[in-house]
Participant: 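Pasting in a structure now, in structure tokens, and then I'll have a few things to ask.
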There are 2 protein chains.
Amino acid sequence: MPKLMIAAILNNEVLIEVSVEVSVMAEINHRIGVASSAEQVYQALTTNEELAKWWTWDVSGAGPVGSVIQFRFHGKGPDFSVVELQPDRLVRWRHSGEMPGEWKGTEISFSIEPENDQTFIRFRHSGWAGASDFLAHCSTKWAVFLLSLKSVLETGKGHPFPDDVHIDLS
Amino acid sequence: MPKLMIAAILNNEVLIEVSVEVSVMAEINHRIGVASSAEQVYQALTTNEELAKWWTWDVSGAGPVGSVIQFRFHGKGPDFSVVELQPDRLVRWRHSGEMPGEWKGTEISFSIEPENDQTFIRFRHSGWAGASDFLAHCSTKWAVFLLSLKSVLETGKGHPFPDDVHIDLS
């Protein structure tokens, strides 16, 4: 973490010494445009049935602000608290639970932005401690799942786990 | 840009005043694993013929450090100077030319990391002024092109422009 030291010295006496730590959080950003209404996008982000069509088939707990959504991959996976809902405009989740460890303290937001003949979805996964290999992996994987979301909205068929697009051999 | 003001005051006199501007650069990160050797990955990133198979069919100028690679999409597109080459390990480009405007001053690096039965490619596009909508768009689009790179390495067939996967209706 970058650290900055500032000292004011007058007549060989240290008058003031300030230490500033700058915490630079890393984040993942994506943006896709879908041929769907803002209402349809909002549904796809806020109900178990629709979330299961694009991220993982095993999802439960989606509901109003305060709900904890449990996303599972072979029985394990992240929990997210729903912290903000603006119908047809914004969905915001805060990671809760213990895994994956690097996601602790992170937030995910989906901003829904209609424009001409499509609806843009601006995705952010913010609050990472740094741009680790795991962040880079998740960045690519989020793109895959957002294209799965685009596909389910436009064709009715997505590619949720375990039918997701593989980005490595693991 | 975050700005920090620090002032030391003693007996109502301002002894020192420091203004610190913290410039937080935004970046795009991705990581994929491919069933190919580090040599094959390096080739795919350093020759016109191979670059044309996964990013855009219209590429020229690839060569040793100092070369300027011209990537074209319908006749327009970015130029990148090759600034560092470590055979089978690292490829680093610096954006040159004028477009797209938000790419001015940015750098792209591909780190090639063999691990067990696959080779990881760690991608960074760094030096952006901020996490704009265009950065978010490019982040998703880079994932698409890196999966095209994975595909060409593993199957011989990629999806370079103009056969690239669309992420919006533009």
Side-chain angles (χ1 to χ4, degrees), chain A residues 2 4 6-10 14-20 22-36 111 113 115-124 126 128 130-147 150-151 154 165-170, chain B residues 2 4 6-10 14-20 22-36 111 113 115-124 126 128 130-147 150-151 154 165-170:
Chain A
L4 181 69
I6 296 169
I9 300 173
L10 191 66
V14 175
L15 296 174
I16 181 173
E17 204 175 295
V18 181
S19 165
V20 182
V22 182
S23 167
V24 180
M25 289 287 165
E27 64 181 30
I28 295 167
N29 291 277
H30 287 296
R31 190 172 193 244
I32 58 169
V34 296
S36 304
S111 183
E113 301 164 357
E115 193 179 303
N116 302 325
D117 54 350
Q118 62 188 315
T119 300
F120 284 99
I121 304 169
R122 177 72 149 90
F123 171 91
R124 282 172 209 260
S126 58
W128 291 72
S132 63
D133 279 353
F134 186 57
L135 175 142
H137 164 89
C138 292
S139 176
T140 313
K141 202 74 202 191
W142 274 125
V144 162
F145 285 119
L146 289 166
L147 291 172
K150 178 175 170 64
S151 177
E154 294 180 345
V165 173
H166 290 199
I167 66 168
D168 54 35
L169 304 186
S170 65
Chain B
L4 180 70
I6 297 168
I9 299 172
L10 190 67
V14 175
L15 296 175
I16 181 173
E17 204 174 294
V18 180
S19 164
V20 182
V22 181
S23 168
V24 180
M25 289 287 165
E27 63 180 32
I28 296 167
N29 291 277
H30 287 297
R31 189 172 194 245
I32 58 169
V34 297
S36 303
S111 183
E113 302 163 357
E115 192 178 304
N116 302 324
D117 53 351
Q118 63 188 314
T119 301
F120 285 98
I121 304 168
R122 176 73 149 91
F123 171 91
R124 282 172 210 260
S126 58
W128 292 70
S132 64
D133 279 353
F134 186 58
L135 175 142
H137 165 88
C138 293
S139 176
T140 312
K141 202 74 202 192
W142 274 125
V144 162
F145 284 118
L146 289 166
L147 291 172
K150 178 175 170 65
S151 177
E154 295 180 346
V165 173
H166 289 201
I167 65 168
D168 53 35
L169 304 187
S170 66

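Letters A, B, ... mirror the listed sequences (proteins, then strands); counts begin at 1. A quick note: this is a predicted structure, and the numbers were derived from the prediction, not measured.
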Participant: If I compare all heavy atoms of B/Ala131 with all of A/Arg122, which pair ends up nearest, and what's the gap?
Facilitator: O-NH2, 2.5 Å
Participant: Which residues pass the ring pair (Phe, Tyr, Trp, His ring centres under 6.0 Å) test with B/Phe120, sequence neighbours left out?
Facilitator: none
Participant: Going from CG on A/Asn29 to CD on B/Glu27, what distance comes out if it is rounded to the nearest 0.5 angstrom?
Facilitator: 11.0 Å
Participant: For the CD1 atom of B/Ile121 and the CG atom of A/Asp168, what is their distance to the nearest 0.5 Å?
Facilitator: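 With rounding to 0.5 Å, CD1 (B/Ile121) is 11.0 Å from CG (A/Asp168).
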Participant: To the nearest 0.5 Å, what is the distance between CD1 (B/Ile32) and NZ (A/Lys141)?
Facilitator: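 Answer rounded to 0.5 Å: 12.0 Å.
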Participant: How close do B/Leu169 and A/Gln118 get, heavy atom to heavy atom, and via which atoms?
Facilitator: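 Scanning both residues completely, I find the closest heavy atoms to be N-OE1, 2.9 Å.
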Participant: Minimum heavy-atom separation for A/Lys150 to B/His166, with atom names?
Facilitator: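 The answer is CE-O, 3.5 Å.
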Participant: Is the backbone N or O of B/Arg31 less than 3.5 Å from a side-chain atom of A/Thr140, with the two atoms forming a donor-acceptor pair by type?
Facilitator: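 Looks like yes, one N/O pair under 3.5 Å.
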Participant: Find the one option among B/Asp133, B/Leu135, B/Leu147 whose heavy-atom pairs under 4.5 Å with chain A are most numerous.
Facilitator: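 Going by pairs under 4.5 Å, I would pick B/Asp133.
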Participant: If I measure from the heavy atoms of chain B, does A/Ser132 come under 4.5 Å with its side chain, its backbone, both, or neither?
Facilitator: backbone
